[in-house]
Amino acid sequence: MASERYNAPVREKHWQQVWKERSTFRTKEGGKRPKCYVLEMFPYPSGRIHVGHSRNYTMGDVLARYKRAKGFNVLHPMGWDAFGMPAENAAMERKVHPGKWTYENIDVMRAQLQSMGLSIDWEREFATCHPDYYRHQQKLFLDMLKKSLAYRKSSKVNWDPVDMTVLANEQVIDGRGWRSGALVEQRDLTQWFFKITKYSDDLLDALGTLDKWPEKVRLMQANWIGRSEGLMVRWALALKTAPKGFKELEIYTTRPDTLFGASFLAIAPDHPLATAAAAKNAELAAFCAECRRLGTSVAALETAEKMGFDTGIRAVHPLDPDWELPVYVANFILMDYGTGAIFGCPSGDQRDLEFARKYGLPVVPVVMPKDGDAAKFAIGDTAYVDDGVMINSRFLDGLDTKAAFEEVAKRLESEKLDRKPVAQRKVNYRLRDWGISRQRYWGCPIPVIHCEDCGVVPVPDADLPVMLPEDATFDVPGNPLDRHPTWKHVACPTCAKPARRETDTMDTFVDSSWYFVRFTAPHADTPVDQKAANYWLPVDQYIGGIEHAILHLLYSRFFTRAMGASGHLKKTLKEPFAALFTQGMVTHETYRTRNGQWVPPSEVRLEGEGEARKAFDIGSGQPLEIGSIEKMSKSKKNIVDLDDFIDQYGADTARWFVLSDSPPERDVIYTDVGVQGARRFVQRVWRLVEDCAEAGSGKGAPRPPSFGPEADQLRRAAHKALNSVSQNIEGLRFNVAVAQIYEFTNTLQSMTARTGEGLQWALREATELLVQMVGPMLPHLGEECWARLGYNTLLADQPWPEAEPALLVDDTITIAVQVNGKRRDELTVARTATREEIEAAALELEPVVRALSGRPVKKVIVVPQRIVNVVG
RNA sequence: GCGGACGUGGUGGAACUGGUAGACACACAGGACUUAAAAUCCUGAGGCGGCAACGCCGUGAGGGUUCGACUCCCUCCGUCCGCACCA
């Protein structure tokens, strides 16, 4: 019998050392093996790794180890998304330099990841905050600038008037700055942009080629790009009502067919016409100012109560010179989309309807359902937004939506206003250019110099990298680069006159938009080593959180194209990630004290069950409030530290736990009992192997000429398990693979007490297969067991076993027999049984006869190998 | 507000392209081993009724399509994610 328990923490360190000494996971290009690039989204070095983070890396690692065993040349790298605001916040709060804070975090987190036993090639590790990385990013920027993919324009920021600084959206809380509490305002600032809109169509169309991406992500991206076909329509303004110099207002609409249902026009608060009108109207100016206080977040703008202000300006309907409509300024119209102006058709748009009801504007139905009655059709609380038949629309009446669109477009295209067509067709996108300027220290400096005479001058390649100054100060808000006494003062590279550096740094999304390329040659002198990039790219399996479904992935797709255009990647490589998997979070209950402070689970004692469950602070003994289950996060402190976990249970238990039960794309709730189950299994495998090593056939014992029924049954179970576990690992259905391993382990264990012809050999075979199957998931235990079974090779170097096809197919098959769709019995027949044979056998079954209770059989549906349904 | 997803026993979940709902695990109950505990092993179990055989109900709620629906369609409810300066 098994003597000792498996001491995971000790043995895991041993095997990690062995892998390291033998460079087991070092990657090299070339060779005959097919390549496979497995990548998990790299982490931000926020401090420590918790069990929540570990899930993503475990999944990638299982796949990487599996693919390695399947004979692939695997690239599985790791690095650090190391620029970002938390480092700067730490600098302000704790007087520690962002660089020091970041690198210290990296050291801690690297050690933590290594203690998980990941099959990572650590020689490729880099941090994006290191000049060795960002110098190449600056080069990429300059090449994009040359190709006009980077440019400057004015755009809005959240401005904190007290701290005199730009705020991120997350730093704006209920319209106020998070530190100062001051009312935030929108401010215009000249900023750098990447021309992602140049690729709107391509980014949209190519989604069709990404068949290994989740459908929902593709859909979200398509909606984000938001292609629409519509009409730009110019409305004449009633001159005596409009500010000087304003003769017309151009709007964008996707529903010109509803023009006869128009009852108002609305413009954005920062539309030029609004600004001009506000100059002479203090009340309007106040309204516009109020709108600006909502900050720049679209979510905030659209959740706010819909409000409008009648400017007094009137516009002439393009299809009826005698019809004038009011022009409102409205807080939900965005200057960035279309022309920043719309016409409102309350009967055909819910938001317009609510606006019209609020301000007493007419609601005229112009589209009704195909089978509707024009005389009776009216709009109540709900707008009719679908296609249908035109009514109350003069020459459009009776046409369908599409025809009406065409008719209006045709008319307005040929009509003239001020000698130009009233309208023109326009394909519009919701996607905006990517604003990359950040007024912060801890980011990649934008490598340009502003000269009074020469304008914007790129930093010459030879002067790269533009390094961040070490001696920045963080004691006051605002941009440390801008207020640095010397850093920004340089000579103009062109004319040598005194000039100043750009003090904006890049959005950290830029860093993560090409890191997967850099991993293919992390030490190259140029940003990209084309040979390595061409060999490894695209990433074969990318794994990360669903929260990145839009921005990070879209930016990376853009960057791949932009790097193609600027000569850094071959142009035929368009998509960086061939397959994408979005994994769920690990969640945990939250606990807080009476005065609202979060308490980590490690300091909580729980009592009772169900409704009566209570939580107490271990230190003070005071009762705590048990809050909702949320994703593990530092801010809510509901995290379980990876070191604590591994010290107690070992890495394999952590890995098994995060893979078990929950489907990987869904959230998993952390519970201690779930962890206990995982630990139990680790010990159980060890015991089985110990028993087998002592009692089973020896290593390499000759295969018996024949097997008795017990051995045959075990071998079938083993090979079937191997087959489906392989498929489920490949399909990333880890929870199902885990369940199948459990099932097989149960079978194996139940066989150990039995005897039969060839059973000892079969037990040895099954045990070895079990070890190989759990290997990618429990790599340390796998090595330990492999050694215990007498091998002096590494399990990590073993090829994946092949299932014997003959053992996967059974001779007989059990199918369900239904009567009128209800299961009444089951039937075991030969695999090769014909429809007629199955039907005859089914009709004789006693429960079937009983369920029919004498009724005649009307029909029998037989789906061979599946089901019989008797309809009576 | 807009866009996207998800909802199955006490719990996490399984169910291939519409074909035996509840695999597997956790928790629970009973038993074995033990001086005892832990660990381990065996057995049981969706709900209701019944000694049982068995019957009825059952995949968030309501409706529909089908011989047959967790799966497809419509309406509703609830939860979660994203919304462009968090990463």
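Both backbone and side-chain heavy atoms feed into the values below; hydrogens, waters and symmetry mates do not. So you know, we letter chains A, B, ... as the sequences are listed, proteins then strands, and number each from 1.
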For this session: Return yes if a side-chain donor-acceptor contact under 3.5 Å exists between A:Asn169 and A:Thr296, otherwise no.
Result: yes
For this session: Report yes or no: is the cationic atom of A:Arg5 (NZ for Lys, CZ for Arg) closer than 6.0 Å to the six-membered ring centre of A:Trp686, at no more than 45° off its axis?
Result: no
Problem set entry | Under 4.0 angstrom between A:Gln171 side-chain N/O and B:C86 OP1 or OP2 | no
Exercise. So does A:Asn746 get a side-chain nitrogen or oxygen closer than 4.0 Å to the phosphate oxygens (OP1/OP2) of B:A25?
Worked result: yes
For this session: Check whether any side-chain N or O of A:Arg733 sits under 4.0 Å from OP1 or OP2 of B:C24, and answer yes or no.
Result: no
Exercise. Parallel, tilted or perpendicular for A:His552 and A:Tyr515, by the 30°/60° rule?
Worked result: tilted
Exercise. Between A:Glu302 (CD) and B:G1 (C1'), how many Å, whole number?
Worked result: 6 Å
For this session: Return the orientation label for the A:Tyr555 and A:Trp434 ring planes: parallel under 30°, perpendicular over 60°, tilted otherwise.
Result: parallel
Exercise. Any N or O donor-acceptor pair linking the side chain of A:Glu547 to the base of B:C83 at under 3.5 Å?
Worked result: no
Problem set entry | Among B:G19, B:C83, B:C85, the nucleotide that comes nearest once only the side chain of A:Val298 is considered | B:C83
Exercise. Expressed as a whole number of Å, how far does the C1' atom of B:G58 sit from that of B:G47?
Worked result: 7 Å
For this session: May I ask you to verify if any side-chain N or O of A:Ser662 is less than 4.0 angstrom from the OP1 or OP2 atom of B:G12?
Result: no
Exercise. At under 4.0 Å, does any side-chain N or O of A:Asn735 touch on OP1 or OP2 of B:A14?
Worked result: yes
Problem set entry | Below 4.0 Å: OP1/OP2 of B:A5 and any side-chain N or O of A:Arg218 | no
Problem set entry | B:A39 versus B:C48 - spacing of their P atoms, nearest Å | 30 Å
For this session: Can you see which heavy atom on A:Phe734 is nearest to which on A:Ile729, and at what distance?
Result: CE2-O, 4.1 Å
Exercise. Considering only side-chain heavy atoms of A:Met220, which listed nucleotide, B:A21, B:G3, B:C86, is closest?
Worked result: B:G3
Problem set entry | Separation of the P atoms in B:A25 and B:A45, to the nearest angstrom | 15 Å
Exercise. Tell me: CD of A:Glu846 to P of B:G55, nearest whole Å?
Worked result: 10 Å
Problem set entry | Residue A:Leu219, side-chain atoms from C-beta onward, closest of B:C24, B:G4, B:G19 | B:G4
For this session: Examine B:A84: is either OP1 or OP2 under 4.0 Å from a nitrogen or oxygen in the side chain of A:Arg432? Give yes or no.
Result: no
Problem set entry | A:Gln818 and its side-chain contact (heavy atoms from CB on, under 4.5 Å) partner, picked from A:Val868, A:Val871, A:Asn869, A:Val848 | A:Asn869
Exercise. Expressed in angstrom and rounded to an integer, what is the separation of A:Gln676 atom CD from B:A25 atom P?
Worked result: 16 Å
For this session: Output yes when at least one side-chain N/O atom of A:Thr508 is less than 4.0 Å from OP1 or OP2 of B:A87, else no.
Result: yes
Exercise. Hey, is the side chain of A:Asp661 pairing donor to acceptor with the base of B:G12 inside 3.5 Å?
Worked result: yes
Exercise. So what does A:Gly226 touch, heavy atoms closer than 4.0 Å: a base, only the sugar-phosphate, or nothing?
Worked result: nothing
Exercise. Does B:G4 have OP1 or OP2 sitting under 4.0 Å from an N or O in the side chain of A:Asn223?
Worked result: yes
Exercise. Which whole-number value in Å describes the distance from A:Asp825 CG to B:G55 P?
Worked result: 10 Å
Problem set entry | Check: A:Asn169 side chain, B:C85 base, donor-acceptor under 3.5 Å | no
Seminar exercise, completed: Each base of RNA chain B marked ( ) or [ ] if paired in-strand (Watson-Crick or G-U under 3.5 Å), | if paired to another strand and . if unpaired gives (((((((..(((......[....))).(((((.......))))).((((....))))..(((((..]....))))))))))))....
For this session: Using a 4.5 Å cut-off on heavy atoms from C-beta on, say whether the side chain of A:Glu302 contacts that of A:Leu334.
Result: yes
Exercise. For atom P, what is the distance between B:G44 and B:C24, given to the nearest Å?
Worked result: 11 Å
For this session: May I ask you to verify if any side-chain N or O of A:Lys859 is less than 4.0 angstrom from the OP1 or OP2 atom of B:U66?
Result: no
Exercise. Looking only at side-chain N and O atoms, does A:Arg666 come under 4.0 Å of OP1 or OP2 in B:G7?
Worked result: yes
